[in-house]
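Computed from a predicted structure; not experimentally measured. Atoms considered below: every heavy atom in the structure, side chains included; atoms not considered: hydrogens, waters and symmetry mates.
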Amino acid sequence: MIKTAAKISLQHMQKLFDAIKARANDLSANTRWTGSQVAKFLNASLATTAATDVDRYLRGVFETSSTAYDKAMDHGRNLMNEFGGDHRLFDGGHSVNGAWEAVKSALPDDTLGEEAMGFLQAYWKDLVTPMGMPVTTLNREGFEAVAKMAGNLDIEKEWLLDLVSFTATESVGAFAAVLGASLNWGKSETREFSKLAASVSTSAVLAANPLAMTVALLLVARSVHRGRKENKLKNVFKAFGWGAAKSGAFIGAASIVGGGAWIGIGCGLMAAFIVHKYENRLSDSDGKYDPSHMSRVMTPLLQSQLVPLLEHKQ
């Protein structure tokens, strides 16, 4: 009798343990999925006009009267004769190193702690603006020469200016990409990891976000490496295609809709969801995946389902 009761108790304990383990696995999977989706959505949103709206809002929140440290960082404008809206890229006082040197020389009798705090405050105030801060100080003549050559390839000068600078919102986007990738780092998450890599890459290029672009290149390289190591390179390229398609649909829909950035984001979500629905309708078999077939079908699919929604919004 005692042995039977003990056996039943062990069985109940095993069932309870299995239930807890299954619940923990589900929670872990949901957390990984959520982290990946947030990273995709945030970076795609930064490729729309919503990013500029957020930057302008943050500038208004953190804007204060100019301090000696702010003036020291802007002093290079006079020395370099840089008075344009893109002066931070060329005046030498707004790169991390240039800003710190300017802050150190701003006041003769301040302490290291005051300089550090002054640097953080002054740098942050410039970072939370649509102009952002430069990755490094550039030479005006050299940049103009590169911009002229890029113009021959239909690459806009504004895109290049954005590419060599970053804002606070773009920093958050890059951090979200790193966080999403870290949650999907295991072997079992190769597909989701690859989708994230492609999605962030597409968004980073269209947004000209240098931080997210750097992260995206690392994610793509790791995805390809894992695909080769696990003999699943075709699956990785398939995931690349869907990840890029969803971000492209999101950004494309958001950019053509009038009525404000947030309405555009809503329509972008609709477009991405339509692509997601189409993905789920396809077979998981590798042999069924045909990029040319996908490109032929996606355009009429979006036109038939998304355009009426956009017309209704307008």
Is there a continuous path of hydrophobic side-chain contacts, each under 4.5 Å between heavy atoms, that joins [X] to [Y]?
X	Y	value
F41	L46	no
I265	V54	yes
W124	V135	yes
V61	M131	no
V172	F175	no

When you look at Y69 and E114, which way does the side-chain contact (heavy atoms from CB on, under 4.5 Å) test go after all the steps? CA-CA 10 Å; Y69 301 116; E114 290 172 334; 4.1 Å; yes
For the residue pair [X] and [Y], confirm or rule out a side-chain donor-acceptor distance under 3.5 Å.
X	Y	answer
T64	K125	yes
H75	D91	no
D55	T52	no

How about N231: does its CG atom have over 12 heavy atoms from other parts shown lying under 6.0 Å from it?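 Counting neighbours around CG of N231, 12 or fewer heavy atoms of other residues, nucleotides or ligands fall under 6.0 Å, so no.
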Would you indicate whether F143, at its atom CZ, is surrounded by more than 12 heavy atoms from other residues, nucleotides or ligands within a distance under 6.0 Å?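 It does: F143 CZ has more than 12 such atoms within range.
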Strictly distance-based, threshold 3.5 Å: is any side-chain N or O of [X] a donor or acceptor partner for the main-chain N or O of [Y]?
X	Y	answer
N209	E170	yes
W100	E115	no
R88	P134	no
S203	S199	yes

Could you measure the distance from the [atom1] atom of [X] to the [atom2] atom of [Y]? Nearest 0.5 Å is fine.
X	Y	atom1	atom2	value
F90	T137	CZ	OG1	10.0 Å
S255	L206	OG	CG	9.0 Å
L269	I274	CG	CD1	11.0 Å
S45	K40	OG	NZ	13.5 Å
T169	L42	OG1	CG	8.5 Å
N235	S223	CG	OG	12.0 Å

Take F193 and V236 through the test side-chain contact (heavy atoms from CB on, under 4.5 Å) and record every step on the way to the result. CA-CA 9 Å; F193 188 95; V236 168; over 6 Å; no
Could E144 and R140 be called an ion pair, given the rule that one side-chain N must be under 4.0 Å from one carboxylate O?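 Here E144 pairs with R140 in a salt bridge, since their nearest N and O are under 4.0 Å apart.
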From CA spacing to verdict: side-chain contact (heavy atoms from CB on, under 4.5 Å), T167, L58: CA-CA 11 Å; T167 66; L58 291 175; over 6 Å; no
Nearest heavy atoms of [X] and [Y], plus distance in Å:
X	Y	answer
I251	A44	CG1-O, 3.7 Å
A253	A271	CB-CB, 3.7 Å
A174	A212	CB-N, 3.8 Å
A177	N43	CB-ND2, 4.1 Å
S194	A239	CB-CB, 3.6 Å
L160	A147	CD1-CA, 3.7 Å

Measuring only between side-chain heavy atoms, which start at C-beta, is [X] closer than 4.5 Å to [Y]?
X	Y	answer
L89	S165	yes
K238	R191	yes
T202	K246	no
L218	V215	no
R228	V224	yes
K104	L112	no
F62	T129	no
L138	T136	yes

Walk me through whether F240 and V220 qualify under side-chain contact (heavy atoms from CB on, under 4.5 Å). CA-CA 9 Å; F240 280 171; V220 169; 4.1 Å; yes
Give the ring-plane orientation class for Y123 versus F166, where under 30° counts as parallel, over 60° as perpendicular and anything between as tilted.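 Judged by the thresholds at 30° and 60°, the geometry between Y123 and F166 is tilted.
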